[in-house]
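One structure below.
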Amino acid sequence: MGAVVKDRHDQSLGDAGPYVLGATLAALILPAMVLGLSAPLWLGVVAALAALIGVVAAAKVQHRRQTPTHAAHAPVRAALDDAAPALDRLDAAASSIRIFATRVHVGRIADAARLIVNRVNEEPSILAAVQRVLTYYLPRAAAIAESYRILEARDGADPARMARMEAIIARLDTAFQHYADRLADDALRLLDVEIRLVDAALKDDLGSV
């Protein structure tokens, strides 16, 4: 309960911040214009009010940009929460599968899925690009890996069935690597854009230096 009260108190302080900043700026502008610049009182009051309104409006715009809506945040949180147990199941399967090649494939699937989850956690806007792999492929990969581990431990397991499951796990590995590589390529493209922008800014500021 105390933590909730503190959070609300901190939020109220954060909400009041732009008003405090705007009022402080207005309090500085009014005497500076009236006493320092000999401006009419009414002009000083108008300038002070304009500063207050401008600071508050800019803070509200910035807050809307930085704070995702609950509706937009909910599917991201749900996808990440659903992915966590599937990742645990993949890790458990990878640690106990005896066939080396299949164990490697399952481990690679888990690593790629974890990379994708971390990227979505850092950048929720990319969820749409990887939602299929998180909500469809990931839980099914975990289920298939668990089933393979169970069948592998049985005496007299059907070799043809095991071979089909091994082939599916290998293809799932390929799919997960594809999604992970696509995210890495997107990140590199963004990095290239940032490098070009920084390079252009340096040329503008430094010229030929």
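Counting begins at 1 with the first residue of the sequence.
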(request) Rounded to the nearest 0.5 Å, what's the gap from NE2 on His105 to CD on Gln177? Could you check? (result)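 The CD atom of Gln177 is 10.0 Å from NE2 of His105, to the nearest 0.5 Å.
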
Can you name the closest pair of heavy atoms from [X] and [Y] and give their distance?
X      : Y      : value
Ile109 : Ala141 : CG2-CB, 4.2 Å
Ser96  : Ala92  : OG-O, 3.2 Å
Pro139 : Arg89  : O-NH2, 4.1 Å
Ile116 : Ala180 : CD1-N, 4.1 Å
Ala145 : Ile97  : O-CD1, 4.2 Å
Leu87  : Ala113 : CD2-CB, 3.6 Å

Any donor and acceptor pair, going by atom type alone, linking the side chain of [X] with main-chain N or O of [Y] inside 3.5 Å?
X      : Y      : answer
Glu166 : Ala101 : no
Asn118 : Arg114 : yes
Glu152 : Arg98  : yes
Arg182 : Ala129 : yes

(request) Classify the angle between the aromatic ring planes of Tyr137 and Phe176 as parallel (below 30°), tilted (30 to 60°) or perpendicular (above 60°). (result)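 Tyr137 vs Phe176 ring planes: perpendicular.
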
Side-chain heavy-atom pair [X], [Y] within 4.5 angstrom cut-off:
X      : Y      : value
Leu134 : Asp82  : no
Val133 : Leu138 : no
Leu151 : Glu146 : no
Ile169 : Ile144 : yes

(message) Are Val104 and Ile99 connected into the same hydrophobic cluster when the rule is that any two of I, L, V, M, F, W, Y join if their side-chain heavy atoms are below 4.5 Å apart?
(response)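 Different hydrophobic clusters.
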
(message) Applying a strict under-4.5 Å side-chain criterion to I, L, V, M, F, W and Y, I'd like to know whether Phe100 and Tyr148 cluster together.
(response)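 Cluster IDs for Phe100 and Tyr148 differ.
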
(message) Heavy-atom count check: over 12 atoms from other residues, nucleotides or ligands less than 6.0 Å from Arg140 CZ?
(response)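 More than 12 heavy atoms, drawn from other residues, nucleotides or ligands, come within 6.0 Å of this atom.
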
(request) Answer yes or no: are there more than 12 heavy-atom neighbours, outside Arg77 itself, under 6.0 Å from its atom CZ? (result)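 More than 12 within 6.0 Å, yes.
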
